[in-house]
Amino acid sequence: MRADRLVSLVLLLRQRGRLSAAALARELEVSTRTVLRDIEALSAAGVPVYAERGRNGGFALLPGFRTELTGLSHDEALALLIAGSRRGAQTFGLGSALASAMLKVVDALPDSHRVAAAGATQRLLVDPRTDLLSRPLVTEELPDAVVAELRIAVLAGHKVRIRYAPDGKAPAWRTVDPIGLVTVRDQGYLLAARSGEDRTYRLSRVLAAEALDEPAERPDRVDLDRAWRDRSTRFRAGDHQVTVRVRLDPDSREQLLRTVLAVLSEDGPTLEVTFQDGRHAEWALWQLSPGAEVLEPQWLRTALHDRALALTARYGRDQPRP
DNA sequence: CCCCAGCAGTGGAAGATAGT
DNA sequence: ACTATCTTCCACTGCTGGGG
């Protein structure tokens, strides 16, 4: 039990920098006296831990101290090397930190494993920049300074001022309580609260960020995975949804079902379905044509008709335009 | 089975020290 | 001078092993 606590203590100091005996006692669920005895034991064992007395004092490890990663097996090290998602790290402004961390993982391996692990990573590729059809995967350019500032605010639990440019609107400054950062399919999001209301911001639309000293108003603990699922559910049920009645060829049914949010009713070849928004509905049904005919709403019929007219106009000429 | 000594681990309280 | 923090001293609890 005590050995576990000693390890936890070293890890806490490595992760948080300086911590007071009282703070360590809270984390480890023991008295401050016990923490102090543990510190003494670590010190006797050669761990370079030192005390700073007075206000804002506490215990810290000497800079540069690191535990050796002895005991890391070849497969374990390899798993770390390929699991550390480069894009994810870049999304959070940690690309260079990931690179140096990976160097340390390789460096910590015994000589016998080091060459093999380095060679193996050359033969395993995760998330290349294009797919098999050479289509570039959508990646967002995120300014490191902005993401780093957001990351600092999220981790420190401070409010943050962001200059945000919503889709089709002018950018404006706003102050938010950051809850967490999420990366999904190479797109980054800031989950936050603004005046107590849940807000989700695309990182690519955050033009500038400034972490404030004021503590954020947010719960101490958060299940980010669940928060993300809740928000995506709400987003899907948002007020931009459109309902479409469509008559389908049997061959097109499966393809349509892959693009809709829900099927409200089905009567032979006629289906009533909902799409996330009008633009998405138009795009999906254009892809399906001529295997599908929109019966309602009329504006969607008109939009598809206009698209077809534009296409006809372009290809109706004998020769391409110069 | 019981008693006892030794030991590790723990906690409280007072004192010392350093920053503001 | 005040406050926050570490240091030192003392005592308690629970476990373990030896001896009767």
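Order of the sequence lines fixes the chain letters, A, B, ..., with proteins taken first and strands second; residue numbering starts at 1 for each chain.
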Do any N or O atoms of the protein come closer than 3.5 Å to N or O atoms of nucleotides 9-11 of chain C, and which pairs are they?
from   : atom 1 : to     : atom 2 : distance (Å)
dC9(C) : N4     : R33(A) : NE     : 2.9
dC9(C) : N4     : R33(A) : NH2    : 3.4

Under the salt bridge (charged side-chain N to carboxylate O under 4.0 Å, His left out) test, residues paired with [X] that sit two or more places apart:
X	value
E272(A)	none
E214(A)	none
D249(A)	none

Task: Watson-Crick and G-U pairing of DNA chain B written in dot-bracket, each distance under 3.5 angstrom, with | for inter-strand partners - done: ||||||||||||||||||||
Task: Pairs involving residues 194-233 of chain A, ordered by first then second residue, that meet ring pair (Phe, Tyr, Trp, His ring centres under 6.0 Å) (sequence neighbours left out) - done: Y164(A)-Y201(A), Y189(A)-W228(A)
Task: Counterpart residues, side chain to side chain donor-acceptor pair (under 3.5 Å), relative to R174(A) (two or more places apart) - done: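 With sequence neighbours excluded, R174(A) shows a side chain to side chain donor-acceptor pair (under 3.5 Å) to no residue whatsoever.
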TODO: Apply side chain to side chain contact (heavy atoms under 4.5 Å, CB included) to D306(A) and list each qualifying residue two or more places apart in sequence or on a separate chain.
DONE: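 Partners of D306(A) by the side chain to side chain contact (heavy atoms under 4.5 Å, CB included) criterion, ordered by chain and then number, come out as T302(A).
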Task: Non-neighbouring partners of E217(A) that pass side chain to side chain contact (heavy atoms under 4.5 Å, CB included), sequence neighbours left out - done: K159(A), D177(A)
